[in-house]
Amino acid sequence: MQRRNLLSKVGAAGLGSFALSAQNSYATNSVKTPFEVPSTYIPIKGSAEFFPVRRIYCIGRNYSAHAIEMGSDPTREPPFFFQKPTDSVQYVAEGQTGNHPYPSLTKNYHHEIELVAALHKGGKNIPVELALNNVYGYAIGLDMTRRDLQRGMGDQKKPWEIGKSFDHSAPIGSIHRVEDYGHFTKGAIWLKINGATKQESNLSSMIWSVAEQISQLSAAFELMPGDLIYSGTPENVGPVVVGDLMEGHIDGLPSIRLKVV
Ligand code: MN
């Protein structure tokens, strides 16, 4: 756990007190800081190592029936992406039920069950046919959404940030390595609330595959090891309230369970 995100330390320590790389603000050497800032790590299934999270990218409207319910054209428009903060990750261990705090400000809090790809390599302008080489593993995740705030901001042509990028908005299970579990390109994906199925589809129904997402994302951002990609949710997103038990499933991965508190 030596790697530190120096972006968080620049403001406190002051630029000039240590050398930053010419290309970015990361370094792996230790620096003195006046306080500690936690980093984000996710357990890796079958390993004593942890996956270090750099950035969280999410793709919007990536299953056609969900695109329709969100009011957009389900044809292959270019995919669009947004980010969540790294520390919005809420890890939930296999077989456990995480307590998920109902967030502030919203009266319409939605579940979005998603496959998450975890990268161990990156680059710019990655060709689709090479893109899956960058995937270290996969996890089950939820892109929790303050839908009323997302829609309200969208209606005003303002950024979605407050609807998507809040504390605890990215629940996730452990990372399952490609070398052990392969790539997840098809298989059931569903979400139940209090035992009743709400979302149900198949990974093969994605409009843009994980490989295509990586390729397109890498045209806009240089992807790096540690990046997560939430690959979009199927149709029938809907609200949860305090007391609800969410159970998410993707074939080949352990279920994720969260109680809204
Ligand atoms: Mn989503």
Side-chain angles (χ1 to χ4, degrees), residues 42 53 55-74 76-86 88-92 100 102-103 106 108-119 138-154 159-173 184 187-193 197-214 216-217 220-221 227-240 244 246-250 253 256 258 260:
I42 300 171
V53 182
R55 289 185 185 171
I56 303 172
Y57 294 103
C58 304
I59 182 172
R61 299 177 194 175
N62 196 35
Y63 289 75
S64 57
H66 175 59
I68 292 168
E69 77 181 351
M70 298 305 290
S72 62
D73 184 343
R76 279 167 65 97
E77 299 173 348
F80 69 93
F81 300 96
F82 56 94
Q83 292 187 43
K84 288 176 183 271
T86 300
S88 64
V89 163
Q90 180 186 7
Y91 170 67
V92 183
H100 181 77
Y102 194 94
T106 184
N108 192 18
Y109 189 43
H110 277 204
H111 53 77
E112 296 192 1
I113 184 72
E114 309 202 358
L115 176 70
V116 183
L119 307 190
Y138 295 87
I140 188 168
L142 285 155
D143 165 19
M144 296 303 295
T145 302
R146 298 193 280 206
R147 190 74 69 202
D148 43 358
L149 302 185
Q150 180 200 18
R151 288 207 176 113
M153 296 302 272
W160 276 7
E161 195 90 1
I162 200 168
K164 285 288 195 181
S165 307
F166 51 93
D167 300 341
H168 314 291
S169 63
I172 196 168
F184 288 72
I189 175 170
W190 53 251
L191 181 120
K192 294 179 182 179
I193 299 177
T197 301
K198 298 294 182 180
Q199 293 186 269
E200 188 170 26
S201 186
N202 194 290
L203 298 177
S204 62
S205 295
M206 286 184 193
I207 297 172
W208 299 94
S209 68
V210 170
E212 289 170 328
Q213 292 175 47
I214 290 169
Q216 297 251 6
L217 254 179
F221 308 94
D227 289 344
L228 298 179
I229 302 172
Y230 280 63
S231 63
T233 197
E235 61 275 20
N236 296 324
V237 298
V240 291
D244 280 347
M246 298 186 283
E247 181 183 3
H249 170 90
I250 290 173
L253 293 174
I256 186 169
L258 293 128
V260 182

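Read the numbers this way: they start at 1 and go in the same order the structure lists the ligands and their atoms.
Panel note: side chain Y230, backbone A170; a donor-acceptor pair is recorded below 3.5 Å. For Q150 (side chain) and K164 (main-chain N/O), no donor-acceptor pair under 3.5 Å exists by modelled atom type. Judged purely by atom type and a 3.5 angstrom limit, S64 has no side-chain atom pairing as donor or acceptor with the backbone of N62.
A cation-pi arrangement is not found for R61 relative to F80, the charged atom failing to lie both closer than 6.0 Å to the ring centre and inside a 45° cone about the ring normal.
Results of the side-chain hydrogen bond (donor to acceptor under 3.5 Å, both in side chains) test with Q199 over E235, H111, E112 single out H111 as the only residue that passes. Remark: of the listed residues P234, S201, S231, S231 is the sole one forming a side-chain contact (heavy atoms from CB on, under 4.5 Å) with M206.
Note on the Mn ion (ligand 1): protein N/O/S atoms under 2.8 Å are E112 OE1, E114 OE2, D143 OD2.
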